[in-house]
*Asks:* 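Below you will find the structure I want to go over with you.
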Amino acid sequence: IVERVEWITREAAFKSLAQRTGSTALGELKSNPLPDVLVVSLRASAEPDSVETMANELRGLPRVESVASDTGWHRKLAALLRTAATAGLFGAGMAVALLVLIVLGAVQLQLATSRDDLRVLQLVGADDRFITRPFAYAGALTLGCGAGLAAGLTAGALAALGPQLEELASIYGVQLAVQALPAAWLAATVAGAAAVGGATAALGARWALRSAR
């Protein structure tokens with residue numbers, strides 16, 4: 001869980017403090033009161049309990065006078081990330097459910113307005129698979145295009161908000177690198193949505209045909 005380790009000598013810390021404060025009184029000190037500091041940066045995925053455990057282990061090391069760790073903000077950040085992830089999953093689930101209902105409703109409407117054509121197809125010997133195939137293609141195209149549009153908007157949002165998120169994370173001392181979504185993941189998402197849309201439309205069309213009979 002360790003991201004990087006930085007050793008800051010007492011001389012470097014004293015010089016940095018003098019440059020930041022701009023005070024000449026520091027130069028009048030006979031000795032440097034600052035200690036040597038070892039800064040351990042952890043990954044953003046580190047759990048707060050792991051941070052506290054590591055801090056306790058560091059306190060038990062020899063020649064370690066004190067260990068300072070602020071896990072309060074880390075707990076708040078972790079809770080915020082969990083809440084955002086839960087809200088995102090809930091929103092995605094609701095969007096998928098809504099799209100599935102839209103596909104089913106479109107299939108039902110199309111079948112209701114094309115009953116005469118369906119009867120003609122049944123009279124000439126067309127089976128249910130032949131009749132439901134166009135609806136399956138339409139459902140796959142609808143959900144596939146919807147998933148592709150959502151993936152494109154997500155990629156654009158990450159590209160636009162990436163620098164701001166990285167800057168916000170750096171304020172809390174967290175190294176965050178916002179990367180683009182993998183092309184394989186995007187392709188799998190679109191393909192999965194198309195498969196779900198096709199299957200949903202096909203099942204809806206079969207159910208409507210059986211109900212009509």
Side-chain angles (χ1 to χ4, degrees), residues 1 43-47 76-169 174-213:
I1 61 174
R43 296 176 183 175
S45 58
E47 295 293 334
K76 295 178 181 178
L77 180 61
L80 179 62
L81 292 176
R82 286 194 297 267
T83 302
T86 302
L89 290 176
F90 179 77
M94 293 295 294
V96 170
L98 180 60
L99 287 176
V100 169
L101 291 177
I102 291 175
V103 170
L104 289 175
V107 169
Q108 297 292 328
L109 180 62
Q110 183 65 26
L111 288 173
T113 57
S114 306
R115 289 185 177 180
D116 294 337
D117 297 335
L118 294 177
R119 290 173 182 173
V120 172
L121 290 174
Q122 291 174 348
L123 289 175
V124 298
D127 57 3
D128 291 349
R129 181 178 300 178
F130 179 83
I131 297 174
T132 59
R133 190 176 300 156
F135 298 100
Y137 291 157
L141 184 61
T142 301
L143 279 189
C145 291
L149 178 61
L153 292 176
T154 302
L158 288 177
L161 298 177
Q164 288 79 3
L165 293 176
E166 293 176 359
E167 182 179 359
L168 178 62
V174 178
Q175 296 296 324
L176 179 64
V178 179
Q179 300 178 352
L181 296 176
W185 184 88
L186 295 177
T189 301
V190 173
V196 171
T200 301
L203 292 175
R206 286 179 177 272
W207 180 79
L209 289 175
R210 292 179 182 179
S211 300
R213 292 171 183 171

*Asks:* Name all residues meeting the side-chain contact (heavy atoms from CB on, under 4.5 Å) criterion together with Thr142; count only those two or more places apart in sequence or in a different chain, and write none if there are none.
*Replies:*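 Here the qualifying residues are Val103.
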*Asks:* Please name the pair of heavy atoms, one in Ala147 and one in Thr189, separated by the smallest distance, quoted to 0.1 Å.
*Replies:*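 In terms of heavy atoms, the two residues are closest at CB-O, 4.2 Å.
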*Asks:* Distance check, rounded to the nearest 0.5 Å: Leu203 atom CG versus Thr132 atom OG1?
*Replies:*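 It is 9.0 Å, given to the nearest 0.5 Å.
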*Asks:* Which atoms form the tightest heavy-atom contact between Ala201 and Gly139, and what is the distance?
*Replies:*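 The answer is CB-CA, 3.9 Å.
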*Asks:* Could you please spell out the steps behind the side-chain contact (heavy atoms from CB on, under 4.5 Å) verdict for Thr200 and Val196?
*Replies:* CA-CA 6 Å; Thr200 301; Val196 171; 3.9 Å; yes
